[in-house]
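Accompanying notes for the structure given below.
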Amino acid sequence: MCNFVNEMSTATPLLLARAKELLEQDQVIAIPTETVYGLAGNMWSEQAVNTIYHLKQRPRSNPLIVHVATIAAAQALAKEIPAPLLRLATHFWPGPLTLLVEKSSQVPDSITAGSSKVAIRIPAHPLTRALLEQLSFPLVAPSANPYTRISPTTAEHVRYYFGDAIPLILDGGPCERGLESTIIGMENNQPIVYRAGALELEEIEKWIGPVTHFQPQGKETPTPGLAARHYAPITPTQICMREEIATQYSSGTAVLVLQQSIPSIPLDHQFVLAASGSLQEAAQNLYRILHQIDQAGFKKIICEELPAAGLGLTMNDKLKRAATLATPALKP
Ligand code: TXA
Ligand code: MG
């Protein structure tokens, strides 16, 4: 398997040709994106869609994001892209932004879980963009992890989860963003963020003004990704203020800190998200470190609550969800 970081190697055309061939045969492969790796298949292929759900062990009630190469291709899948969302697409695509819009009648219900809306994005990774440009169909691609597990940010993570179950993992190097895309739609003419993600709310608001967060009403979860237990390590996880970490610590605990380790806790139990303190760097590292902790056999994870702005909000949201139901009973 080759490594591509920002440039294409001489092997790229051959790998892309193989990827294209497999996708045209209704097979499912792993693709790199700037956010996380995806498990990709032809959106029109019932077989590919079934394989994706089967591999992920994902309930059919949880719909799939469609990945396209151009805004025109996105528009062809939507009834209409409302003006504020189109403004965002024009500015942030290719990039970590997913639009949830009313679907055109040709989009199959099997990928939207029967919903009248479809989620669409243009990913920014050069390898996947090159692939999409060569295909005559869009790709559905959920994150390449089994249902409820941490998203993969390296090809190695995908190999760990799916090993020989898929015929190809396109290795695009570590994901530049490291968090899933931000999902935004409109309700009653107001922009609503359904999933906090790699594109900061502040960036979105610069273009379309204030946005609100989706608040589930009762049991309704139009974005099943909002389900409480999601993106979770299997190790029980808790999030707390930095000052409280030392009192919560016990042996066998892994401690996740933003920038500086905590003097009273053994250093080999501490994981620094970003030596620079940058939230972008922390986001790039978060899932990789959670994978590492999960595999190292710690009994518990304590995470420092991150600053409540930008990507700090996204990461706190993910960690709180991970903490909600990550009980020892869930550990295999
Ligand atoms: O960054 C990303 O978005 C990555 C990369 C691979 O593109 N993909 C990703 O897909 O995170 P997934 O399936 O793991 O998360 C997509 C979320 C899910 O929570 C799903 O329920 C929601 O988007 N979603 C997809 N289509 C939807 C729809 N039609 N209506 C409501 N929610 C939808
Ligand atoms: Mg996912």
Side-chain angles (χ1 to χ4, degrees), residues 1-4 6-56 58 63-78 81 89-90 92-101 103-112 118-144 152 155 158 162 165-173 175-177 180-181:
M1 212 77 54
C2 298
N3 260 323
F4 303 86
N6 280 318
E7 53 184 3
M8 305 278 184
S9 86
T10 48
T12 304
L14 276 179
L15 277 171
L16 286 177
R18 177 76 185 130
K20 178 169 184 274
E21 181 183 45
L22 288 165
L23 291 164
E24 285 169 349
Q25 291 165 356
D26 301 314
Q27 302 218 46
V28 169
I29 65 167
I31 56 165
T33 83
E34 78 285 20
T35 59
V36 300
Y37 276 73
L39 215 44
N42 176 352
M43 82 168 274
W44 310 117
S45 162
E46 208 181 303
Q47 185 187 325
V49 171
N50 287 343
T51 305
I52 289 173
Y53 276 103
H54 175 74
L55 283 169
K56 272 184 75 80
R58 182 180 207 168
L64 305 177
I65 296 182
V66 183
H67 297 65
V68 292
T70 62
I71 292 190
Q75 282 172 316
L77 298 173
I81 300 185
T90 308
F92 293 110
W93 279 350
L97 169 79
T98 294
L99 301 185
L100 188 59
V101 290
K103 75 181 185 74
S104 80
S105 57
Q106 50 163 342
V107 173
D109 284 342
S110 59
I111 68 148
T112 66
V118 61
I120 312 173
R121 84 180 191 100
I122 303 182
H125 195 290
L127 200 52
T128 289
R129 286 192 69 197
L131 177 63
L132 282 166
E133 277 160 18
Q134 291 180 23
L135 294 172
S136 59
F137 46 82
L139 292 174
V140 275
S143 53
V158 182
F162 294 110
I166 49 177
L168 180 67
I169 300 171
L170 276 183
D171 188 343
C175 298
E176 194 187 335
R177 301 288 191 139
E180 299 84 354
S181 60

Checklist outcome for this item: Closest non-hydrogen contact found for Ala124 with Arg129 is O-CD, 3.7 Å
Checklist entry - Tell me, do Lys103 and Asp109 make a side-chain contact under 4.5 Å, heavy atoms counted? => result yes
Checklist entry - Measuring from Asn42:CG to Gln25:CD, what's the distance to the nearest 0.5 Å? => result 12.0 Å
Item to check | Under 3.5 Å donor-acceptor, Thr112 side chain and Val118 backbone | outcome: no
Next on the checklist: Ignoring hydrogens, what is the shortest heavy-atom contact between Pro167 and Gln27? Give both atom names and the distance.
Outcome noted: CG-OE1, 3.6 Å
Item to check | Minimum side-chain heavy-atom gap Met43-Pro108 below 4.5 Å | outcome: yes
Checklist entry - Taking all atoms of both residues into account, what is the closest heavy-atom pair of Trp93 and Ala74, and its distance? => result CZ3-CB, 3.8 Å
Checklist entry - So, does Arg121 use its side chain to make a donor-acceptor pair with the main chain of Gly95 at under 3.5 Å? => result yes
Checklist entry - Between Tyr53 and Pro63, which heavy-atom pair has the shortest distance, and what is it? => result OH-CA, 3.6 Å
Checklist entry - Would you say Lys56's side chain and Ser143's backbone share a donor-acceptor pair under 3.5 angstrom? => result yes
Item to check | Straight-line distance of Leu127 CG to Thr33 OG1, nearest 0.5 Å | outcome: 11.0 Å
Next on the checklist: With rounding to the nearest 0.5 angstrom, report the CD to OG1 distance, Glu46 to Thr51.
Outcome noted: 10.5 Å
Next on the checklist: I want to check something: taking the side chain as every heavy atom from C-beta on, are Leu132 and Pro123 in contact at a cut-off of under 4.5 Å?
Outcome noted: yes
Next on the checklist: Which heavy atom of Pro152 sits nearest to which heavy atom of Cys175, and what is that distance?
Outcome noted: O-SG, 4.3 Å
Next on the checklist: Please determine whether side-chain contact (heavy atoms from CB on, under 4.5 Å) holds for the pair Lys20 and Leu135, giving the CA-CA distance in whole Å, both sets of side-chain angles, and the decisive distance to 0.1 Å.
Outcome noted: CA-CA 7 Å; Lys20 178 169 184 274; Leu135 294 172; 3.8 Å; yes
Next on the checklist: Out of the candidates Ile169, Val158, Leu23, Leu139, only one should pair with Ile29 under the side-chain contact (heavy atoms from CB on, under 4.5 Å) rule; please name it.
Outcome noted: Leu23
Item to check | Identified side-chain contact (heavy atoms from CB on, under 4.5 Å) counterpart of Ser181 within the set Val36, Ile65, Leu97 | outcome: Ile65
Checklist entry - To the nearest 0.5 Å, what is the distance between CD1 (Ile120) and CD (Gln75)? => result 9.5 Å
Checklist entry - Looking only at heavy atoms, what is the nearest atom pair of Ile81 and Ala78, with distance? => result CG1-CB, 4.0 Å
Checklist entry - Checking side-chain contact (heavy atoms from CB on, under 4.5 Å) for the pair Leu15/Leu168: CA distance, chi angles, key distance, verdict? => result CA-CA 9 Å; Leu15 277 171; Leu168 180 67; 4.2 Å; yes
Checklist outcome for this item: Taken to the nearest 0.5 Å, the spacing of Ser110 OG from Leu64 CG works out to 8.0 Å
Checklist entry - If you measure from OH on Tyr37 to OG1 on Thr128, what distance do you get to the nearest 0.5 Å? => result 8.5 Å
